[in-house]
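Here's the structure we're looking at; comments come further down.
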Amino acid sequence: MATYHVPRYDYPSQFGPLDELLPRIGDLLLNGDYVLGRPVRDFEESLAGYLGVPHVVGTNSGTDALVLALDALGIGPGDEVITVSNTFHATAMAIVRVGALPVLVDCRPDDYLIDLSQVDQVVTERTKALVIVHMFGRAVDMDAAVRTAERHGLLLVEDCAQAIGALSCGTPVGSRSSAGCWSFAPSKNLAAAGDAGAISVSDPVLAANLRRLRHFGQVKQNYHEVIGYNSRLDSVQALVLSHKLAQVDGWNLRRREIAGIYRSSLRDLPVSFQDEGSPGEHVYHLFQMRSEHRDGLINFLQEHGTDAVVRYPLPLHLQEAFQDLNYAPGDFPVSEDLARTTLCLPLHPSLRQDQIDSVTDAVHEFFSEMS
Ligand SMILES: Cc1ncc(COP(=O)(O)O)c(C=O)c1O
């Protein structure tokens, strides 16, 4: 594996000194509270407080958060669920996993988020839900999303995997829909040391159903009321997440600062950026930069020690896994154009100034060598 002067991630730096966390993990190992124990309840309560929602239900991944949410909302075979072509595989995969049909719409060229104006054109009498995605850490306009869902009588689900701490219309993402689905996979702004996820909900009945679903469909041991899943947030991961949650806002602030440096230092070059919206609306899970010279630029950056990547090189509708949906090249031109022209510059809270300078210098050098 190539080593980069400017790596994409720096997982260890998120822990700081381990003298607080390790004893808690040690206690857990010895007290055996491994499955749905106190650490899970504590983290669920803390996250609910952070988001301003009544209930959080921990799951073992962000993917399962989506699957369980759709299942608990009664979405299944015969139903259509609208979502966006510019998202990670798991969003649409979850729709297929509950037996429903994903129906895609394109994203917008300025903020790279779902184009809600296209929803009207694809709603049918079978459409049951709208799944919006706060892509790359940028919040979708929740007023508009709620209005769109209400206009068509649809359930609204948020894929919040990339956007912990982002605000939309003044409130945290994941707090205004039927279900906010969270991933805490290691690359996320709030990251476990492995897989972890959660669902934020307001409806207590839905919360109880989700708790039952994630735990074999049982309410007490060996009495199974519904066909469930084994998808519980792990106690060790809950300790890691509780340890880090209080730091997320500070980290997101630093992410914004670095994004601001990239934006201003590269503004005179032939590149453009994802619209960042009003203050607080972007938490920069990924810093997207767009250039007609993307392929040359990414090679140049990688050769010069910067771990730049493309997220995502092939939009959902052109993935082999979704060929049964019968979409074709040209169906979602904005998503396809983003897949062709965007790259992500490294962005994490512990990036040093010399590393930031090295990235911006390399981008400048690439364009000056071209001219
Ligand atoms: C937008 C989006 N949705 C869903 C997921 C799935 O989360 P997980 O990897 O925790 O299953 C991810 C991340 O991987 C994601 O980026």
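Both ligands and their constituent atoms are indexed starting at 1 by order of listing.
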Quiz item: Are Asp357 and Gln353 close enough that a side-chain donor and a side-chain acceptor fall under 3.5 Å?
Solution: yes

Could you go through ligand 1 and note, for every N or O atom, any protein N or O atom closer than 3.5 angstrom, writing the atom names and distance to 0.1 Å, or 'none'?
residue	atom	partner	partner atom	Å
ligand 1	3 (N)	Asp159	OD1	3.2
ligand 1	3 (N)	Asp159	OD2	2.7
ligand 1	7 (O)	Ser183	OG	3.3
ligand 1	10 (O)	Gly62	N	2.8
ligand 1	10 (O)	Ser183	OG	2.7
ligand 1	11 (O)	Gly62	N	3.3
ligand 1	11 (O)	Thr63	N	2.8
ligand 1	11 (O)	Thr63	OG1	2.5
ligand 1	14 (O)	Lys188	NZ	3.2
ligand 1	16 (O)	Gln162	NE2	2.9

Self-check item: Residues in salt bridge (Lys or Arg N to Asp or Glu O under 4.0 Å) contact with Glu276, at least two apart in sequence or another chain
Solution: Arg263

Practice problem: Would you please name every residue forming a salt bridge (Lys or Arg N to Asp or Glu O under 4.0 Å) with Arg147, sequence neighbours left out? | Solution: none

Quiz item: Between Arg340 and Asp337, does at least one N-O distance fall below 4.0 Å, as a salt bridge requires?
Solution: yes

Quiz item: ring pair (Phe, Tyr, Trp, His ring centres under 6.0 Å) with Phe367: which residues, sequence neighbours excluded?
Solution: none

Quiz item: Do Lys188's NZ or CZ and the ring of Phe184 fall within the cation-pi criteria of under 6.0 Å and 45°?
Solution: no

